[in-house]
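See structure below.
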Amino acid sequence: MLQESNTFSPVLTRYEDFTPVFGQEVLERHRGKLTEMGGFLDALSKARKPVAPICAAWAITANRLVRADFERLVDEFAARLAAAGKLEGLLLAMHGAQTAEGEDDVEGHVLGRAREIVGPDLPIVVTLDLHANITRAMCERATAIVGYHTYPHVDMFETGQKAGRLLLGTLSGKIRPAMAWRKLPLIVNAENQQTAHGPAHRLMARAEALEAAGKAEAISIFAVQPWMDIQEMGSAVVAVTNGDARAADRHAAALAQKFWDTRREFEATLTPVEEAIRLALATRGGPVVLAESSDSTGSGSPGDSTGVLKHLVKAPLSEPAAIFLVDPEAAGALRQAGVGATVTLPIGGKLDRRNSKPVKVTGRVRLISDGRWTARARGYNTGIETSMGTSVVLEVGQVKVLIAERSAMTVDPELFRSHGIDPVYCKIVVVKSPNGFRAAYEPIAKRIFVVDTPGVSTAKLDSLPWRRIRRPIYPLDPGIRYRA
Ligand SMILES: [Zn+2]
């Protein structure tokens with residue numbers, strides 16, 4: 001049960017957004033796929049362990065899961081777990097920053113329900129996204145926690161394998177997990193969190209060195225995604241060693257201190273949209289990628305900002321540009337109009353009305369689809385079909401606007417390719433992502449600009465209407481001191 005929350009988002013999450021499957025269908029969806037669950041299955045099948053698949057549910061980032069749907073999903077999980085028979089261990093793949101109405105810590109809650117069923121002693125190993133918000137409940141209820149080591153996230157499968165091996169080692173008695181953690185009064189921008197270089201790379205290299213030297217089973221650095229206004233909020237470090245609680249505590253403290261000491265290096269550099277478009281047009285060749293991180297569909301934004309779109313449709317383009325936009329109303333109207341029709345209508349700016357307004361455009365309907373496509377790039381749901389409902393490519397001059405009924409991740413160029421737009425042949429491609437897009441786009445992009453527009457996943461954290469977050473916390477309280 002995996003979803004990241006953004007409590008500033010104007011869009012609540014529903015049961016249907018998870019497209020949950022249960023029992024054997026879990027294996028059909030994940031076996032052989034590069035997901036955490038695929039990694040679990042790989043590790044368990046190599047050890048010839050019989051598997052009791054319980055539930056697989058993934059939803060794109062948005063605001064809290066509505067209460068009734070949260071209860072339904074967790075009840076279904078709990079009922080299946082209770083009916084699974086006698087278990088030796090439990091593997092859970094979750095995000096770590098999921099919220100529901102009336103519940104700030106869905107993962108802690110799910111772990112609590114699981115403990116009620118399997119008892120206090122059954123080993124439970126949990127994988128979490130690097131942007132998890134670690135809580136006391138999670139650490140008390142899980143036997144071991146294992147996080148991704150990459151951002152852009154491309155190691156879901158390996159994280160699943162690692163968790164699977166950790167569980168198997170625990171069952172055989174070779175490993176006695178000892179876990180320690182540190183919570184930091186710190187949230188950081190996602191835009192400068194890439195693990196290939198920079199401050200996050202240096203932290204992660206330290207974690208990997210400890211694991212490679214056999215000093216720890218799993219070291220995880222959780223730079224929480226920074227758009228959740230909840231009390232128990234902040235980045236964390238979790239260390240799991242084989243039987244040595246003091247060493248786990250030492251590693252967690254040392255890495256937490258290093259994270260804190262490098263916090264200023266995570267600040268993001270944003271480029272004004274008009275300047276980014278001007279620089280893109282002045283660039284030889286393409287594509288130039290404009291990352292509209294404030295409207296990132298992987299960070300809880302609705303994907304309907306017109307902050308870049310309004311400038312792009314006015315730009316003197318002589319080659320194609322591509323942009324993704326969530327607008328169910330426009331998608332429906334354009335489907336009615338049909339392929340080949342020329343239509344004038346307002347698009348975008350309807351879900352997040354605080355941060356942008358609809359833009360009136362005239363364009364030609366080029367393509368209409370059912371919005372089904374399969375992620376191919378290494379990352380989210382690789383090899384698994386996603387459905388964004390009725391989807392339409394509207395050509396506004398040179399700008400190809402892919403308008404979808406429902407939100408989708410934009411980090412994989414396959415989003416556009418599946419709809420007849422190849423980013424390689426575009427002058428400008430707009431992605432709605434702070435950093436995840438780099439895995440697939442850096443190899444083809446001539447230049448990349450993270451642009452400055454307003455939105456609920458903005459890098460300007462002090463501009464958000466915080467009310468519940470525990471203060472003081474950096475960077476909202478820049479003078480704060482911390483010792484791990
Ligand atoms: Zn993440």
Side-chain angles (χ1 to χ4, degrees), residues 1-9 13 34-37 39 58-63 92-99 105-107 126-135 138 145-160 162-163 186-196 198-201 203-204 207 220-228 230 233-238 259 266 268 291 293-301 303 375 377-382 386 407-412 431-441 450 456-459 461:
M1 183 174 165
L2 207 154
Q3 189 201 23
E4 180 179 289
S5 291
N6 176 327
T7 64
F8 298 106
S9 169
T13 304
L34 297 172
T35 56
E36 296 94 313
M37 197 86 82
W58 186 94
I60 195 150
T61 317
N63 206 331
L92 295 174
M94 293 190 283
H95 184 283
Q98 191 190 344
T99 59
D105 178 13
V106 165
E107 289 81 357
V126 186
T127 61
L128 298 176
D129 189 286
L130 185 148
H131 298 108
N133 182 52
I134 300 300
T135 64
M138 288 181 209
I145 291 173
V146 182
Y148 305 161
H149 274 193
T150 60
Y151 186 39
H153 310 315
V154 291
D155 64 337
M156 285 85 159
F157 180 77
E158 289 79 2
T159 305
K162 193 199 281 183
L186 171 67
I187 51 178
V188 290
N189 286 147
E191 284 80 354
N192 193 26
Q193 258 184 45
Q194 63 286 329
T195 49
H201 169 72
L203 285 171
M204 215 50 93
S220 310
I221 297 158
F222 294 107
V224 61
Q225 64 83 359
W227 309 284
M228 280 198 306
I230 58 174
M233 176 68 171
S235 301
V237 177
V238 178
F259 192 176
F266 286 89
S293 58
S294 66
D295 190 36
S296 165
T297 54
S299 313
S301 286
R378 199 75 203 262
Y380 303 92
N381 299 320
T382 309
T386 186
S407 186
M409 300 294 291
T410 68
V411 299
D412 185 344
V431 295
K432 308 217 164 183
S433 159
N435 188 42
F437 71 93
R438 289 181 185 274
Y441 276 101
V450 182
V456 297
S457 54
T458 177
L461 301 177

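In each ligand, atom 1 is the first atom listed, and ligand 1 is the first ligand listed. Numbers here are sequence positions counted from 1. Only heavy atoms go into these numbers, but all of them, side chains included; no hydrogens, no water, no symmetry mates.
Annotation: side chain of Ile221 is in contact with side chain of Met204 (closest heavy-atom distance under 4.5 Å).
Here His95 fails the criterion, with no N, O or S atom under 2.8 Å of the Zn ion (ligand 1). Metal site remark for the Zn ion (ligand 1): Glu4 contributes no N, O or S atom at a distance under 2.8 Å.
When the N, O or S atoms of Asp129 are ranked by distance to the Zn ion (ligand 1), OD1 comes first. Nearest to the Zn ion (ligand 1), among the N, O or S atoms that His131 has, is ND1.
Shown here are the ring pair (Phe, Tyr, Trp, His ring centres under 6.0 Å) partners of Phe259, two or more places apart in sequence or in another chain: Phe266. Applying the ring pair (Phe, Tyr, Trp, His ring centres under 6.0 Å) test to Phe157 and every residue at least two apart in sequence or in another chain returns nothing.
Of the possible donor and acceptor atoms, none in the side chain of Asn6 sits under 3.5 Å from a partner among the backbone N and O of Ala62.
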